[in-house]
Protein chains: 2
Amino acid sequence: MKSLKKAGLIKTQPRMLILDIFEAQEKKHLSTNDIYMALQRNKTPLSLGTIYRVVNQFEKSGLIQSHHFSPDNAVYELCAADNHDHMIDIRTGKIVEFHDEIIEKRQKEIAEEYGLDLVDHKFILYGYFN
Amino acid sequence: MKSLKKAGLIKTQPRMLILDIFEAQEKKHLSTNDIYMALQRNKTPLSLGTIYRVVNQFEKSGLIQSHHFSPDNAVYELCAADNHDHMIDIRTGKIVEFHDEIIEKRQKEIAEEYGLDLVDHKFILYGYFN
DNA sequence: TTGGTTGCAAATCGTTTGCATCCCG
DNA sequence: CGGGATGCAAACGATTTGCAACCAA
């Protein structure tokens, strides 16, 4: 369970509600609209404005991480200890996470070769799951 | 030199102008606004609406390829024979292309392992160039 | 009390689109 | 001539933001 206090954020009701959504959801990658609708279902609605603000604060605090798998909208997931990459089914939108040491290692070597001080990376595979 | 006819597109003045911009530019990755301004400089202005339409047609025809390196806006580049990946300087926006066989090979293996029929991929390294 | 937080609605900004006009074949 | 292409301005949709009311410490 993540801590708002540890993240340097006042413990408010909206922030707790949103954090709960992330921890309760079977789906790990949520759009602001997913969060909005989940809160509606829970009878604890919040405004979209607040959801956007909270999600941005969470990201700055390192609680969650954003992804732009589609140019249309961002999705967010709780930060995990392992840094994993993603593969996405173009038809269904299904997201599968994976971690690969060969890729991790190789990207560091490439960055080194090119004199790039590596800060972040994005590795996404798109296709169709059998 | 790319061919509009071969791409199944009528050879119109706006489309030729835009294709010329891509082929003349030292910078390979252009936003719609980059194109817009380059056309202004060339005294052959086009409306942004047309630029967006042409760029989308070019992409569907396989003449150019779009990238969303930043969530803010797309950039486009002529399709090259080699499929390369990108590293980006977070500070300057400088883009460097690279091709790596180990990555290419490994991503196919990973897709196979997970039963993903690989269609496309995105591999971007973000950091600071020395 | 008081400064940070929220709701609401308006503003932003990249991108798309409807429509009348124009141009390529 | 006829259908696709273009310019213009309006529409769109995700995200941000100004402001007044509200809540946590």
Side-chain angles (χ1 to χ4, degrees), chain A residues 2-22 29-40 42-61 63-77 88 93, chain B residues 2-22 29-40 42-61 63-77 88 93:
Chain A
K2 304 264 182 175
S3 159
L4 288 173
K5 202 165 295 175
K6 218 179 295 176
L9 296 169
I10 300 171
K11 194 174 185 179
T12 70
Q13 195 139 1
R15 296 209 261 240
M16 286 168 50
L17 289 171
I18 294 178
L19 193 47
D20 283 350
I21 295 295
F22 275 103
H29 301 84
L30 304 176
S31 67
T32 47
N33 197 52
D34 289 337
I35 299 169
Y36 181 78
M37 292 188 302
L39 288 165
Q40 300 271 345
N42 288 4
K43 309 292 182 202
T44 54
L46 292 177
S47 73
L48 260 178
T50 296
I51 295 173
Y52 273 104
R53 272 185 292 232
V54 169
V55 134
N56 286 337
Q57 295 158 346
F58 279 11
E59 184 170 22
K60 259 181 234 149
S61 311
L63 246 51
I64 66 177
Q65 188 180 0
S66 73
H67 300 289
H68 290 79
F69 296 140
S70 132
D72 295 341
N73 64 300
V75 293
Y76 304 84
E77 68 170 328
I88 301 174
Chain B
K2 304 265 182 172
S3 160
L4 287 173
K5 200 165 297 175
K6 216 179 297 176
L9 296 169
I10 301 172
K11 193 173 184 179
T12 70
Q13 195 138 3
R15 294 207 260 239
M16 286 168 51
L17 289 171
I18 293 178
L19 193 47
D20 283 350
I21 294 295
F22 275 103
H29 300 85
L30 304 176
S31 67
T32 46
N33 198 53
D34 290 337
I35 299 170
Y36 182 79
M37 292 189 302
L39 290 164
Q40 301 271 345
N42 288 6
K43 309 289 182 207
T44 54
L46 292 177
S47 73
L48 260 179
T50 296
I51 296 174
Y52 274 104
R53 271 186 292 234
V54 169
V55 133
N56 287 336
Q57 295 157 346
F58 279 11
E59 184 170 22
K60 257 180 238 153
S61 311
L63 247 53
I64 66 177
Q65 187 179 1
S66 72
H67 299 288
H68 289 80
F69 296 140
S70 130
D72 295 341
N73 64 300
V75 293
Y76 303 84
E77 70 171 326
I88 302 174

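In what follows, every chain begins at residue 1, and chains take the letters A, B, ... in the order their sequences are listed.
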Worksheet item: For B:Asp20, what residues pass the side chain to side chain contact (heavy atoms under 4.5 Å, CB included) criterion, not counting sequence neighbours?
Response: B:Glu23
Fill in: Atom-to-atom span, CG of B:Leu9 to C1' of D:dG4 - whole angstrom
11 Å
Worksheet item: Quick one: side chain to side chain donor-acceptor pair (under 3.5 Å) partners of A:Gln57, sequence neighbours excluded?
Response: A:Arg15
Item to complete: Report the residues that fulfil side chain to side chain donor-acceptor pair (under 3.5 Å) with A:Ser66, sequence neighbours left out, ordered by chain and then residue number.
Response: A:Glu59
Discussion item. What's the angle between the local helix axes at either end of the helix from C:dT1-D:dA25 to C:dG25-D:dC1, using five pairs per end and rounding to 10 degrees?
Written reply: 30°
Worksheet entry | Range on DNA chain C touched by chain A, heavy atoms, distance below 4.0 Å | C:dG4 to C:dC8
Practice prompt. Could you tell me which residues satisfy side chain to side chain donor-acceptor pair (under 3.5 Å) with A:Gln65, sequence neighbours excluded, listed by chain and number?
Written response: none
Worksheet entry | Set of side chain to side chain contact (heavy atoms under 4.5 Å, CB included) partners for B:Lys60, sequence neighbours left out | none
Practice prompt. Treat primed atoms plus P, OP1 and OP2 as sugar-phosphate and everything else as base, then score nucleotides 12-25 of chain D 5' to 3': B for base contact with protein heavy atoms under 4.0 Å, S for sugar-phosphate contact only, - for none.
Written response: --SBBBB-----SS
Worksheet entry | Approximate separation, where rounding is to 0.5 Å, of B:Ile21 CD1 and B:Leu46 CG | 8.5 Å
Fill in: B:Leu46 CG - D:dA9 C1' separation (whole Å)
17 Å
Fill in: Pairing residues for B:His67 by the side chain to side chain donor-acceptor pair (under 3.5 Å) criterion, not counting sequence neighbours
B:Glu77
Worksheet entry | Under the side chain to side chain contact (heavy atoms under 4.5 Å, CB included) test, residues paired with B:Leu48 that sit two or more places apart | B:Thr32, B:Tyr36, B:Ile51, B:Tyr52
Worksheet item: Quick one: side chain to side chain contact (heavy atoms under 4.5 Å, CB included) partners of B:Ser47, sequence neighbours excluded?
Response: B:Thr50
Worksheet item: Roughly how far, to the nearest 0.5 Å, is the CG atom of B:Leu9 from the CZ atom of B:Phe58?
Response: 6.5 Å
